[in-house]
*Asks:* 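My questions all concern the structure below.
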Amino acid sequence: MSVTTLHDPAVRGFASDNYSGVHPEVLAAIEAANGGHQIAYGEDVYTARLQDVLAQHFGAGVEAFPVFNGTGANVTALQSMLPRWGAVIAASSAHINVDEGGAPERVGGMKLLTVPAEDGKLTPELVDREAWGWGDEHRAQPLVVSITQSTELGTLYTPDEVRALADHAHGHGMRLHLDGARISNAAASLDVPLAAFTRDAGVDVLSFGGTKNGALGAEAIVVLEPAASAGLTYLRKLNMQLASKMRFVSAQLVALLEGDLWLRNARHSNAMAQRLRGGVEAGLADGSVRGVAFTQPTQANGVFATLPGVVADRLRESFRFYDWSGSDAARREVRWMCSFDTTEHDVDAFVAAIARETSAS
Ligand SMILES: Cc1ncc(COP(=O)(O)O)c(C=O)c1O
């Protein structure tokens, strides 16, 4: 072996579900797809299989465009849904607004019309704050609503809530995009098929996330309503998201979606978040934990809380995690994320550290 392991694989934190590695079954799928020659740029048998697998999940007629990352999926998907003068309505906490370096505006050339949403979720009423001005040449035209499931704040839309947004958007001639970087966590938590809150609920185009759920860098734009999107074949290349050796991206998504790996991984990371929340709540109840307050319901694999800044800083000496970037810095809100490989032991050790540090403060 020419590369030695440079890190300690036993060290895990709660900073991001992207801190985890690759699930062994996904690595095995990459290995299985290796060897020999396959047609480049997506005309390989693994990408063909991915289309079939996605059709099993989302229904016949859907089309997938594998890409490298979530920002690329979002920007390219949204661009395909908009004319040059189009705008996207999104929650101000949306990844496209907070964490994509301005790529939707600068690379995609679209305007974002953002609305504050306490729990990260849009409603038809919130959409209406920006859904106006069609036909006014002075206003970027609101033509797409983008929601995230599970949200950046670890909350969930029910299928009925997505349906209400889709109906509302469509009623105004707008389309609905869903950022599904954590779509598997949402389906696992809601205990419904992936289609229940996407295609069946009226979502037009989806950014399907694989990376946070055990892949190495595999996402896909999934067009659920062909009339809602145009030019993806060209836009994906233009946006530098066209993989030459696409078989390895597709094989990862097939590995997740062909069986139940997507669900096993998502159920596990959700369960670890519940364990973390439950452990801290139990500590608050028996007095072993002090000064921690939860800021959001824990519905997927993220836990959001406030705690004294000195305590957070001391805790970080043993477990990495971030202040939540979407929040007012003075609030010192933190985000604790669990991954498919977070163990019960990791969670229990973290809860014990929270108890130790909060009672020492
Ligand atoms: C909600 C959401 N969307 C999209 C992404 C994808 O981002 P990236 O471009 O880092 O893969 C992330 C990752 O943090 C995310 O949390």
Side-chain angles (χ1 to χ4, degrees), residues 13-22 26 65-79 88 90-108 112 114 117 119-122 144-157 162 176-187 189 197-198 203 205-222 236 239-243 249 252-253 256 265-266 269-270 273 296 299-304 320-327 333-340:
F14 295 86
S16 167
D17 31 10
N18 277 335
Y19 274 44
S20 57
V22 184
V26 175
F65 295 79
V67 294
F68 296 113
N69 60 39
T71 300
N74 285 338
V75 172
T76 309
L78 290 169
Q79 225 179 354
V88 179
S92 40
S93 51
H95 197 266
I96 54 172
N97 186 45
V98 179
D99 278 315
E100 296 190 354
E105 295 93 334
R106 303 181 68 148
V107 177
L112 299 182
T114 60
D119 55 0
K121 289 167 58 177
L122 287 180
V144 171
V145 175
S146 180
I147 59 174
T148 307
Q149 172 84 317
S150 55
T151 71
E152 292 77 0
L153 294 168
T155 53
L156 291 174
Y157 292 90
V162 178
L176 185 62
H177 165 258
L178 188 142
D179 175 349
R182 298 189 182 88
I183 188 173
S184 301
N185 298 92
S189 181
F197 56 87
T198 54
V203 172
V205 180
L206 161 69
S207 301
F208 183 94
T211 309
K212 292 177 195 298
N213 200 31
L216 172 58
E219 318 270 318
I221 300 162
V222 187
R236 179 174 53 177
N239 288 346
M240 296 163 278
Q241 289 286 326
L242 179 65
V249 179
Q252 296 176 56
L253 294 170
L256 284 174
N265 284 353
S269 49
N270 290 351
Q296 296 293 340
Q299 296 178 331
N301 62 326
V303 180
F304 288 75
R320 263 190 89 108
F321 58 87
Y322 292 116
D323 282 351
W324 168 233
S325 59
S327 168
E333 185 176 11
V334 298
R335 183 188 82 155
W336 296 327
M337 296 304 296
C338 295
S339 294
F340 71 88

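Whatever order the structure lists ligands and atoms in, that order sets their numbers, starting from 1. Quick caveat: nothing in here was measured; it's all calculated off a predicted structure.
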*Asks:* N/O of Glu152 under 3.5 Å from N/O of ligand 1, yes or no?
*Replies:*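 For ligand 1, there is no N or O atom that lies under 3.5 Å from one belonging to Glu152.
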
*Asks:* Which protein non-hydrogen atom lies closest to atom 11 (O) of ligand 1, naming both residue and atom, and how far is it?
*Replies:*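 Protein heavy atom at minimum distance: Gly70 N, 2.8 Å.
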
*Asks:* What I'd like to find out is whether the side chain of Ile183 reaches to under 4.5 Å of the side chain of Phe197, using heavy atoms alone.
*Replies:*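 In contact.
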
*Asks:* Measure the distance from atom 16 (O) of ligand 1 to every protein heavy atom, then report the residue, atom name and distance (to 0.1 Å) of the closest one.
*Replies:*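 Going by distance alone, atom 16 (O) of ligand 1 is nearest to Arg182 NH1, 3.2 Å.
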
*Asks:* Does the side chain of His177 come within less than 4.5 Å of Val88's, by heavy atoms?
*Replies:*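 A side-chain contact is absent here, since even the closest heavy-atom pair is not under 4.5 Å.
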
*Asks:* Would Asn239 and Thr76 count as having a side-chain donor-acceptor pair, cut-off 3.5 Å?
*Replies:*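 The answer is yes; a qualifying pair exists.
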
*Asks:* Which residue and non-hydrogen atom of the protein lie closest to atom 9 (O) of ligand 1, and at what distance in Å?
*Replies:*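 The protein heavy atom lying closest is Thr71 OG1, 2.6 Å.
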
*Asks:* Quick one: which of Val75, Thr114, Asn74 gives a side chain to side chain contact (heavy atoms under 4.5 Å, CB included) with Ile96?
*Replies:*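 The residue from Val75, Thr114, Asn74 that satisfies side chain to side chain contact (heavy atoms under 4.5 Å, CB included) with Ile96 turns out to be Asn74.
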
*Asks:* State, yes or no, whether a side-chain contact exists between Asp119 and Thr151 at a heavy-atom distance under 4.5 Å.
*Replies:*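 No - every pair of side-chain heavy atoms lies 4.5 Å or more apart.
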
*Asks:* Out of Lys212, Glu219, His95, indicate the one that has the non-hydrogen atom closest to atom 4 (C) of ligand 1.
*Replies:*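 When every heavy atom of Lys212, Glu219, His95 is considered, His95 comes closest to atom 4 (C) of ligand 1.
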
*Asks:* Tell me whether Glu100 has any N or O atom under 3.5 angstrom from an N or O of ligand 1.
*Replies:*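 No, since none of the N or O atoms of Glu100 sits under 3.5 Å from an N or O of ligand 1.
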
*Asks:* Considering the heavy atoms of Thr148, write down every atom of ligand 1 situated less than 4.0 Å from one of them.
*Replies:*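 Listed by number with element, the hits are 1 (C).
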
*Asks:* Could you identify the single nearest non-hydrogen protein atom to atom 3 (N) of ligand 1 and state the distance to 0.1 Å?
*Replies:*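 Atom 3 (N) of ligand 1 sits closest to the protein heavy atom Asp179 OD2, 2.7 Å.
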
*Asks:* Classify the side-chain pair Asn69/Thr211 by whether it contains a donor and acceptor separated by less than 3.5 Å.
*Replies:*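 Note: Asn69 and Thr211 side chains miss the donor-acceptor criterion.
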
